[in-house]
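First up is the structure itself, then whatever we jot down about it.
Counting convention: from 1, in listed order, for ligands and their atoms alike.
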Amino acid sequence: MIEIPTKIANLRLKNPTILASGIMDEDAGSMIRIFKSGAGAIVTKSIGLKPREGYPNPSVIELECGLLNAMGLPNPGIEEFKSEVIKLKKSKVTVIGSIFGSNSKEFTVLGTKMQDAGVNALELNMSCPHAKGYGLEIGSDQKIVEKITTNVKSSVSIPVFVKISPNLTDIPKIAQSAEKGGADAIVAINTVKAMKIDIETQRPILSNKIGGYSGKAIKPIGIRCVYEIYKKVNIPIIGVGGINTGEDAIEYMMAGASAVQIGSAIYSRDIYVFEKICKEIKNWMKTNNYKKIDELIGVANL
Ligand code: DHB
């Protein structure tokens, strides 16, 4: 197992590759498997107060350069999910609990319950591209983002990360609102709003019609967002969007990311993608005479 010790706020990771929310992260078994196969930490599926079925199928389709999904925030609800977190902690998994809510009260209750269950940090998902009342309606409003972050921060003692959408006019402003609220790090980006139409049936393929695009196609968008955010905030950034290789991770770091999240690449490569990316990062650093990850962070951002 490759060790590249990384620290985000007070959270210590064995390496800077983290499983992104929404992929193989609904039950403890698959999360333990991914952690043991090399991820530095795991972000859970976004969890809400009550169980949600999600949207009917089709809810995910593979396109030429990535995945298009609109799952509809399916999750068992926090009370049910607690037992999964407890299993993760028994297996010593570093786990970041992703939560979503429709207002600051809900986020605070969820954050406290996740902390009580034992997560090492929280990721506030304010950026789901299509769930009415939960995603962008909250995550695009500077005042709401600041208020939710402030209230969650004052109710928990673990690090709090805020996940930001690329589907915004002024991304750095939202990141600054999270920073003002006391966020310990920014996670950028969530999926990009997108759509696929079947020309034979002349209808959108996803049952929800509009979904979020992830995978290789969105990497340049993520790089640009991290680059812009890095100029405007003084807290660490976790880069996510289209990372498949060590070189992709290094590109995000040069834009300003201190760590990265990986999701769709599990499908284009395999579950050992974390270990492989760490090896590729190490090899690249050796060839290019870098000794520490810190020497890479933000170097392209003059
Ligand atoms: C879902 C999609 C997202 O991009 C997100 O941030 C949260 C949830 C979903 O469809 O379940």
Side-chain angles (χ1 to χ4, degrees), residues 18-27 30-31 42-63 66-78 80-81 96-102 106-107 110-111 114 122-141 144-145 148 160-168 171 174-175 178 185-196 204-215 217-219 221-222 225 238-243 261-267:
I18 303 168
L19 174 69
S21 182
I23 308 252
M24 291 183 71
D25 55 2
E26 275 174 71
D27 71 286
S30 63
M31 290 186 268
I42 303 293
V43 186
T44 68
K45 174 77 186 152
S46 293
I47 303 296
L49 282 178
K50 298 204 183 87
R52 265 176 74 101
E53 286 251 324
Y55 305 138
N57 286 326
S59 54
V60 55
I61 47 171
E62 189 175 353
L63 302 179
L67 297 173
L68 178 64
N69 86 84
M71 313 299 289
L73 293 162
N75 79 97
I78 188 69
E80 189 71 27
F81 193 71
I96 302 166
S98 171
I99 54 175
F100 72 90
S102 57
E106 286 187 17
F107 271 97
L110 285 160
M114 273 283 190
L122 291 173
E123 182 174 282
L124 312 185
N125 182 2
M126 303 187 204
S127 46
C128 177
H130 45 71
K132 280 187 195 69
Y134 290 109
L136 289 173
E137 286 145 54
I138 291 170
S140 59
D141 185 311
I144 298 177
V145 170
I148 292 174
V160 174
F161 308 154
V162 176
K163 188 165 181 182
I164 306 254
S165 170
N167 308 302
L168 299 168
I171 293 156
I174 295 295
I186 300 295
V187 181
I189 55 176
N190 204 315
T191 51
V192 178
K193 259 190 179 184
M195 188 177 210
K196 169 76 180 168
I205 293 186
L206 291 177
S207 74
N208 188 57
K209 302 183 177 70
I210 291 174
Y213 200 22
S214 64
I218 73 165
K219 195 188 76 181
I221 302 170
C225 293
I238 301 172
V240 46
I243 296 167
Q261 291 184 359
I262 292 154
S264 302
I266 290 185
Y267 298 113

**OP:** Just go through S214, P74, P129, G22 and tell me whose heavy atom is the nearest to atom 3 (C) of ligand 1.
**Re:** P129

Original post:
Heavy atoms, side chains only, cut-off 4.5 Å: are I186 and I174 in contact?
Top reply: no

Original post:
Based purely on interatomic distance, does G72 place a nitrogen or oxygen under 3.5 Å from a nitrogen or oxygen of ligand 1?
Top reply: yes

Original post:
Considering only protein heavy atoms, which is closest to atom 2 (C) of ligand 1, and at what distance to one decimal place?
Top reply: C128 SG, 3.7 Å

Original post:
What do you reckon, does N190 have a nitrogen or oxygen under 3.5 Å from a nitrogen or oxygen of ligand 1?
Top reply: yes

Subject >> Nitrogen or oxygen atoms of N125 and ligand 1 under 3.5 Å apart >> reply: yes

Subject >> Nitrogen or oxygen of M71 less than 3.5 angstrom from that of ligand 1 >> reply: yes

**OP:** Under 4.0 Å, heavy atoms only, figure out whether ligand 1 is touched by the backbone of R52, its side chain, both or neither.
**Re:** neither

**OP:** Considering only non-hydrogen protein atoms, determine which one is nearest to atom 8 (C) of ligand 1 and report residue, atom name and distance to 0.1 Å.
**Re:** L73 CD2, 3.2 Å

Subject >> Donor-acceptor contact present, side-chain S127 to main-chain K163, <3.5 Å >> reply: yes

Original post:
Does K163 have a heavy atom less than 4.0 Å from any atom of ligand 1?
Top reply: no

**OP:** Please indicate whether E137 has more than 12 foreign heavy atoms, meaning atoms of other residues, nucleotides or ligands, lying under 6.0 Å from its CD.
**Re:** yes

Subject >> N/O donor-acceptor pair under 3.5 Å between S21 side chain and T44 backbone >> reply: yes

Original post:
So, the side chain of S102 versus the backbone of G133: is there a donor-acceptor pair under 3.5 Å, distance only?
Top reply: no

